[in-house]
Amino acid sequence: MKGNIKPLTQRSAWKALTTHYQKVKGLHLRKLFANDPKRGERLTVEAVGLFLDYSKNRITGQTLGLLLRLAEESGLREQIDAMFRGEKINTTESRPALHMALRAPKNAVIVVDGRNVVPEVHAVLDKMAVFANRVRRGQWRGHTDKRIRNVINIGIGGSDLGPVMAYEALKHYSERSMTFRFISNVDGIDFLEATRDLDPAETLFIVSSKTFTTLETMTNARSARDWLIRRLKGDKEAVAKHFVAVSTNAGRVSEFGIDTANMFGFWDWVGGRYSMDSAIGLSTMLAIGPDNFRAMLKGFREMDEHFRTAPFERNLPVLMGLLSIWHNNFFGAQTVAVLPYEQYLKRFPAYLQQLAMESNGKRVTLDGVAVDYDTSPVYWGEPGTNGQHSFYQLIHQGSRLIPCDFIAFTRTLTSLGRHHDILLANVFAQAEALAFGKTAAEVKAEGTPDWLMPHRVFEGNRPSNLLLADRLTPETLGKLVALYEHNVFTQGAIWHIDPFDQWGVELGKVLAQRIIPELEGKTLLRLRHDSSTNNLIRRCRKRSGRY
Ligand code: G6Q
């Protein structure tokens, strides 16, 4: 699509939306609902077991029509097809973005550089399953023949956030006799706290790194190797039974001392933040077992198919992406709050932050031209109901517009008295309160004195989506993650940016490498940074007694 698409603000649907926005920006959801008693039933869509109520967004039928036209004019259909065909849509890295191949059925054919990649995907999945079963059944044992009871994933960014989120989300299905931990931060505290109460003889490390060069991961992996060898009486042979790798870089893996027979591969066409369903999910498979992992892949696959084939007006990721664009680019909403009413999804907002913000946090188009519109909003959130007692105040009565994605499940995984009904009542109440607020007349009728009135009035008209599924299963999680992957893609496609690169992460990494010897060196090197950075380095050296 590069080059043959009009700049966003010159597309006719964009211009029409700009005019339309002026007409509808003052419309209140109270009025929209009052004028259309069936709105709450009409503006919903159900697909692959997920139900989306998008009626509480500040849209009319015309808004929706124009947004759908924008999708067409932006070549969304062609861009979806190009992605699924394996074209090199990640143009700045000259790679396809083919995470859909990770969940393709065995008989699918997806060709990258003349080769069908599906058999390789399934070969890795099978190898993961054999390994996971051996560990879970106590057949893969540690160096001293003890059973493996602890699994620690060492990785960062895309090699950490997905596995952590999936482990937490699917804990209900996990092998409870085993302990799962995740080390990502180069801050040694992360390592020390994760290992302090574990027996190395019962601990398996998964070093997850696409490149196997990432500073944080390699520093943590080396500390893990030292910890293991030291605690197992200096026996270097122990590494073979206590370390496996997930990587695309076999050379580096064997340099580290891990037998490549114990390496689980993936491919450069899988972006880090799109890799939780590749071998990067090995910790997930160890926790929930291969069958549950495959069920999760099935969920991903169903959402992929829905995204690829459903007409845009009934296409969940497309609708969510378009609504996000509407609030972001026209109402000027700077953020999106993702609020799961499901404790198991407590890490879902953090996972989404990387997915959305690393993907669409871009300031130039695919053609390298600076954008003259906003791209990714800031994603953030916490599980309900906790947020209600802290930051929801700002969503209800603050000066900013914050569209919310509520996520809830009709059934709970572990029933405890009335908890689930109370939880659901809260999520519905929040969406209702945000949309309709409380009018001055209502506040007055309660006998509120005049001076207090402005404080007690809720303006309402705050948009939200409500996603409702039946139960949080591995399959549902797969659907949910794929929904957001494609929602993010939809937005990136309309903004005409590359959602699959991440050059912005590079500069800090390079500078850190330069500063490390300046901090560690026995003598102070000549510092050539700005005066602030130089001063900070000198201060740290001095305070830690280095000169
Ligand atoms: C994700 C990013 C980034 C990456 C980490 C870890 O899309 O590229 O978060 O996943 O930097 O990289 P490695 O897996 O190579 O260690």
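Here, residue 1 is the first one in the sequence, and each next residue gets the next number.
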Quiz item: Which residue pairs satisfy the salt bridge (charged side-chain N to carboxylate O under 4.0 Å, His left out) criterion with at least one member in residues 168-193, sequence neighbours excluded?
Solution: E168-K171, E168-K346, R181-D197
Quiz item: Is it true that D81 and R308 make a salt bridge, defined as a side-chain N closer than 4.0 Å to a carboxylate O?
Solution: no
Self-check item: N/O donor-acceptor pair under 3.5 Å between S324 side chain and M320 backbone
Solution: no
Practice problem: Step through it carefully: locate the ring centre of H99, locate the ring centre of F489, and say whether they are under 6.0 Å apart. | Solution: no
Quiz prompt | Trace of the salt bridge (charged side-chain N to carboxylate O under 4.0 Å, His left out) decision for K479 with D277 | solution = CA-CA 12 Å; K479 291 172 187 172; D277 48 337; over 6 Å; no
Exercise. Please report the C-alpha distance between R103 and E485 in whole Å, then the side-chain angles of each, then the deciding distance to 0.1 Å, and finally whether the salt bridge (charged side-chain N to carboxylate O under 4.0 Å, His left out) criterion is met.
Key: CA-CA 14 Å; R103 49 260 191 170; E485 284 177 349; 2.7 Å; yes
Practice problem: Test salt bridge (charged side-chain N to carboxylate O under 4.0 Å, His left out) on E120 and R115 and set out the steps. | Solution: CA-CA 10 Å; E120 295 172 42; R115 222 168 74 210; 2.5 Å; yes
Quiz item: Are the ring centres of F264 and F131 closer than 6.0 Å?
Solution: yes
Self-check item: Worked verdict on R230 versus D235 for salt bridge (charged side-chain N to carboxylate O under 4.0 Å, His left out)
Solution: CA-CA 8 Å; R230 203 173 49 245; D235 192 348; over 6 Å; no
Quiz item: More than 12 non-hydrogen atoms from neighbouring residues, nucleotides or ligands closer than 6.0 Å to CZ on R363, yes or no?
Solution: no
Quiz item: Do you know which of K146, R149, R231 makes salt bridge (Lys or Arg N to Asp or Glu O under 4.0 Å) with D199?
Solution: K146
Quiz item: Can E46 and R314 be counted as an ion pair, charged N to O under 4.0 angstrom?
Solution: no
Quiz item: Any ion pair linking D160 and R273 (charged N to carboxylate O, less than 4.0 Å)?
Solution: no
Practice problem: State whether a side-chain donor-acceptor pair under 3.5 Å links T211 with N249. | Solution: no
Quiz item: Less than 6.0 Å separating the ring centroids of F500 and W269?
Solution: no
Self-check item: Proximity of Y341 and F409 rings by center, below 6.0 Å
Solution: no
Self-check item: Residues Q491 and N487: side-chain donor-acceptor under 3.5 angstrom
Solution: yes
